[in-house]
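In what follows, residues are counted from 1 in the order of the sequence shown. Given the structure is predicted, the values throughout are model-derived calculations rather than measurements.
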Amino acid sequence: MIMASRNIWCVRRNFLFDLRGWMLQYSAEVFLKLISFRPFSVKCDSKDKESLEEEREDLLSNLVTMGVDIDMARRRQPGVFNKAVTNEQELKIFLLSKGASDKVIGSIISRYPRAITRTPESLSKRWDLWRKIMASDLEIVNILERSPESFFRSNNNLNLENNIKFLCSVGLTHKCLCRLLTNAPRTFSNSLNLNKQMVEFLQETGMSLGHNDPRDFVRKIISKNPSILIQSTKRVKTNLEFLQSTFNLNKEDLLLLICGPGARILDLSNDCTKKNYTNIRERLLSLGCSEEEVQRFVLSYLNMVFLSEKKFNDKIDCLIEGKVSASQIIENPRILDSSINTLKTRIRELSHAGYDLSTSSIALLSWSQRRYEAKLKRLCG
């Protein structure tokens with residue numbers, strides 16, 4: 001019995017030893033394999049890294065030569081500098097052929113670096129589509145100089161083509177399309193569905209207010225406010241509700257307002273609209289104006305709502321200090337179009353010339369510089 005137990009123990013020991021040896025051998029093989037492959041991996045990574053660094057250096061060198069503000073470009077779109085392929089040289093050649101100067105090209109890339117990722121084929125196609133609207137290459141170059149993202153933001157040329165066809169189908173004239181591309185070029189980068197939603201919303205709005213030609217209503221709104229198509233329907237709807245409730249307008253009056261000067265206010269931030277109007281109201285009420293006078297003042301010149309709280313208050317303070325009364329301001333809202341410096345200068349000059357603003361017309365405070373100087377010369381003559 002003892003011998004049997006010993007034999008069994010020996011078998012177990014040998015088995016365990018063999019198993020342990022196999023595990024050690026297997027672990028060693030795995031370890032050695034890892035070791036043998038690591039230098040190769042490091043070597044590949046090192047080559048790739050060196051190649052990538054060289055490409056980045058070439059890109060930076062090209063951009064610096066082109067007059068690009070590298071710091072600005074990095075802040076705006078840093079990911080561009082990690083792209084494997086860029087087309088900065090091709091972009092430069094393309095834009096030069098369209099009449100852009102080296103300075104303009106450098107400015108475009110500085111402000112919208114992603115432009116260098118567009119292929120020459122895509123650029124050429126997109127340019128041809130824009131030329132269906134614009135009269136010359138130079139007009140497009142001027143838009144790119146002012147708003148490079150409007151052209152380079154998307155490379156979906158099919159979407160651009162579909163938007164042009166759709167906007168033509170709703171009755172927008174070539175002149176109106178030109179204004180859109182000049183003043184609100186992002187309209188054409190919108191998805192087709194977004195533009196359709198806004199047009200349908202405007203058509204429904206026109207009909208609900210009693211307009212008998214929805215297409216004509218849309219044309220009027222867009223011609224008055226080219227930026228309307230890049231706003232949300234929610235924002236426009238909220239501003240319509242604000243105008244109607246704040247000024248107690250019926251449908252006919254609201255329709256008349258938004259087909260005219262009120263169209264511009266439709267795309268203003270809702271919070272901004274309410275905040276600015278509240279400030280105007282409180283400031284004028286504090287000067288003794290009535291609610292009716294405040295509403296008449298704002299409705300007669302809705303541009304007032306675009307003035308921030310500080311700008312409006314500073315201009316009012318300047319006029320009051322110049323002995324202009326609140327009632328005069330109510331009757332001449334356009335004087336608030338003038339800058340604070342212009343108001344101060346003219347008030348001082350007119351005072352020196354013996355012109356009493358408290359009893360005379362204050363309209364000349366908003367006249368063109370040429371007309372104002374002619375009047376001042378006669379006063380001092």
Side-chain angles (χ1 to χ4, degrees), residues 183-184 198 201-202 205-206 208-209 220-221 224-344 346-347 357-358 362-363 365-366:
N183 299 313
M198 179 57 80
F201 169 76
L202 291 175
T205 299
S208 70
L209 294 177
K220 284 181 177 177
I221 296 296
K224 295 285 185 180
N225 186 350
S227 300
I228 194 77
L229 289 171
I230 59 176
Q231 306 303 330
S232 68
T233 55
K234 180 181 178 181
R235 172 178 287 195
V236 177
K237 183 180 180 181
T238 304
N239 279 329
L240 284 169
E241 292 170 350
F242 167 78
L243 288 172
Q244 190 164 24
S245 61
T246 302
F247 302 106
N248 300 314
L249 301 173
N250 57 36
K251 290 183 177 181
E252 184 179 354
D253 289 337
L254 180 59
L255 180 63
L256 188 64
L257 183 66
I258 62 175
C259 284
R264 286 193 62 226
I265 202 177
L266 294 180
D267 65 346
L268 193 62
S269 162
N270 309 138
D271 292 338
C272 187
T273 303
K274 293 176 182 178
K275 181 181 178 181
N276 291 350
Y277 175 73
T278 299
N279 176 65
I280 292 170
R281 177 179 173 274
E282 292 177 352
R283 189 73 177 89
L284 293 180
L285 289 176
S286 71
L287 294 173
C289 298
S290 65
E291 289 280 2
E292 183 182 352
E293 287 176 321
V294 172
Q295 292 201 354
R296 178 161 53 86
F297 170 75
V298 176
L299 283 175
S300 66
Y301 198 55
L302 275 170
N303 280 4
M304 291 301 99
V305 181
F306 289 90
L307 284 177
S308 67
E309 181 177 346
K310 184 179 187 312
K311 283 188 177 180
F312 180 82
N313 290 340
D314 285 350
K315 290 181 180 183
I316 293 294
D317 290 340
C318 175
L319 291 168
I320 296 299
E321 289 171 6
K323 299 181 180 179
V324 175
S325 67
S327 60
Q328 286 176 294
I329 298 172
I330 292 291
E331 296 300 325
N332 298 273
R334 290 179 182 271
I335 62 173
L336 295 178
D337 273 347
S338 300
S339 69
I340 186 71
N341 289 334
T342 298
L343 290 174
K344 287 181 177 179
R346 291 188 178 184
I347 288 172
L357 285 168
S358 63
I362 63 170
L365 292 175
S366 61

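Interatomic distance, Arg346 CZ to Ile362 CD1, rounded to the nearest 0.5 Å: 12.5 Å. Atom CD1 in Ile221 sits 10.0 Å away from atom CZ in Phe201 (nearest 0.5 Å). Summarising the geometry, atom CG belonging to Asn313 is positioned 4.5 Å from atom CG belonging to Asn279; distances are rounded to the nearest 0.5 Å. Rounding to the nearest 0.5 Å gives a distance of 8.5 Å between CZ of Arg283 and CD1 of Ile329. Atoms CG and CG, from Leu255 and Leu249 in turn, are 11.0 Å apart once rounded to the nearest 0.5 Å. Atom-to-atom distance recorded for Ile258:CD1 and Leu302:CG is 11.5 Å, nearest 0.5 angstrom.
When only modelled atom types and interatomic distance are considered, Thr238 and Glu241 share no side-chain donor-acceptor pair under 3.5 Å.
At distances below 3.5 Å, not a single donor-acceptor pair connects side-chain atoms of Asp267 with backbone N or O atoms of Ile228. Not a single donor-acceptor pair under 3.5 Å links the side chain of Asn276 to the backbone N or O of Met304. Panel note: side chain Glu309, backbone Ile280; no donor-acceptor pair is recorded below 3.5 Å. Although no hydrogens or angles enter the test, the distance criterion places a donor-acceptor pair under 3.5 Å between the side chain of Gln328 and the main chain of Leu357.
Between Leu287 and Ile316, the closest side-chain pair of non-hydrogen atoms falls below 4.5 Å. Counting only heavy atoms from C-beta outward, the side chains of Val298 and Phe247 approach each other to under 4.5 Å. By the 4.5 Å heavy-atom criterion applied to side chains, Asn303 and Arg264 are counted as neighbours. Under the 4.5 Å side-chain criterion, counting only non-hydrogen atoms from C-beta, Leu307 is in contact with Lys315. For the pair Asn332/Ser366, no side-chain contact is recorded, criterion being any heavy-atom separation below 4.5 Å from C-beta on. Two residues are said to be in side-chain contact when any heavy atoms from C-beta on lie closer than 4.5 Å; Phe297 and Glu331 fail this criterion.
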message: Before you tell me yes or no, could you show the steps for Ser358 and Val324 under side-chain contact (heavy atoms from CB on, under 4.5 Å), namely the whole-Å CA-CA distance, both residues' side-chain angles and the distance that decides it to 0.1 Å?
response: CA-CA 5 Å; Ser358 63; Val324 175; over 6 Å; no
Stepwise salt bridge (charged side-chain N to carboxylate O under 4.0 Å, His left out) test for Arg296 and Glu291: CA-CA 9 Å; Arg296 178 161 53 86; Glu291 289 280 2; over 6 Å; no
- request: Verify side-chain contact (heavy atoms from CB on, under 4.5 Å) between Val236 and Thr205, making sure each step is shown before the conclusion.
  value: CA-CA 10 Å; Val236 177; Thr205 299; over 6 Å; no
- prompt: Hey, mind stepping through Asp314 and Lys310 against salt bridge (charged side-chain N to carboxylate O under 4.0 Å, His left out) and telling me if it holds?
  reply: CA-CA 6 Å; Asp314 285 350; Lys310 184 179 187 312; 2.7 Å; yes
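Partners of Arg235 by salt bridge (charged side-chain N to carboxylate O under 4.0 Å, His left out), not counting sequence neighbours: none found.
A pairwise comparison of heavy atoms in Leu243 and Leu254 identifies CB-CD1, 4.0 Å as the closest pair. Residues Ser290 and Leu285 share a closest heavy-atom pair of C-CD2, 4.0 Å. Residues Ile320 and Ala326 approach most closely at CD1-N, 4.3 Å, considering heavy atoms. In terms of heavy-atom proximity, Thr233 sits nearest to Met198 at N-CE, 3.8 Å. The two atoms that bring Leu257 and Leu299 nearest to each other are CD2-CD2, 4.1 Å, heavy atoms only. Of all heavy-atom pairs between Lys224 and Cys259, the closest is CE-O, 3.5 Å.
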N/O donor-acceptor pairs under 3.5 Å from side chains in residues 334-341, not counting sequence neighbours:
residue	atom	partner	partner atom	Å
Asp337	OD1	Tyr301	OH	3.3
Asp337	OD2	Tyr301	OH	2.2
Ser338	OG	Leu365	O	2.9
Ser339	OG	Thr342	N	3.1
Ser339	OG	Thr342	OG1	2.9

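Between Glu293 and Arg281, no side-chain nitrogen of the basic residue sits less than 4.0 Å from a carboxylate oxygen of the acidic one, so the salt-bridge criterion is not met.
Between Phe312 and Tyr277, the gap from one ring centroid to the other reaches at least 6.0 Å.
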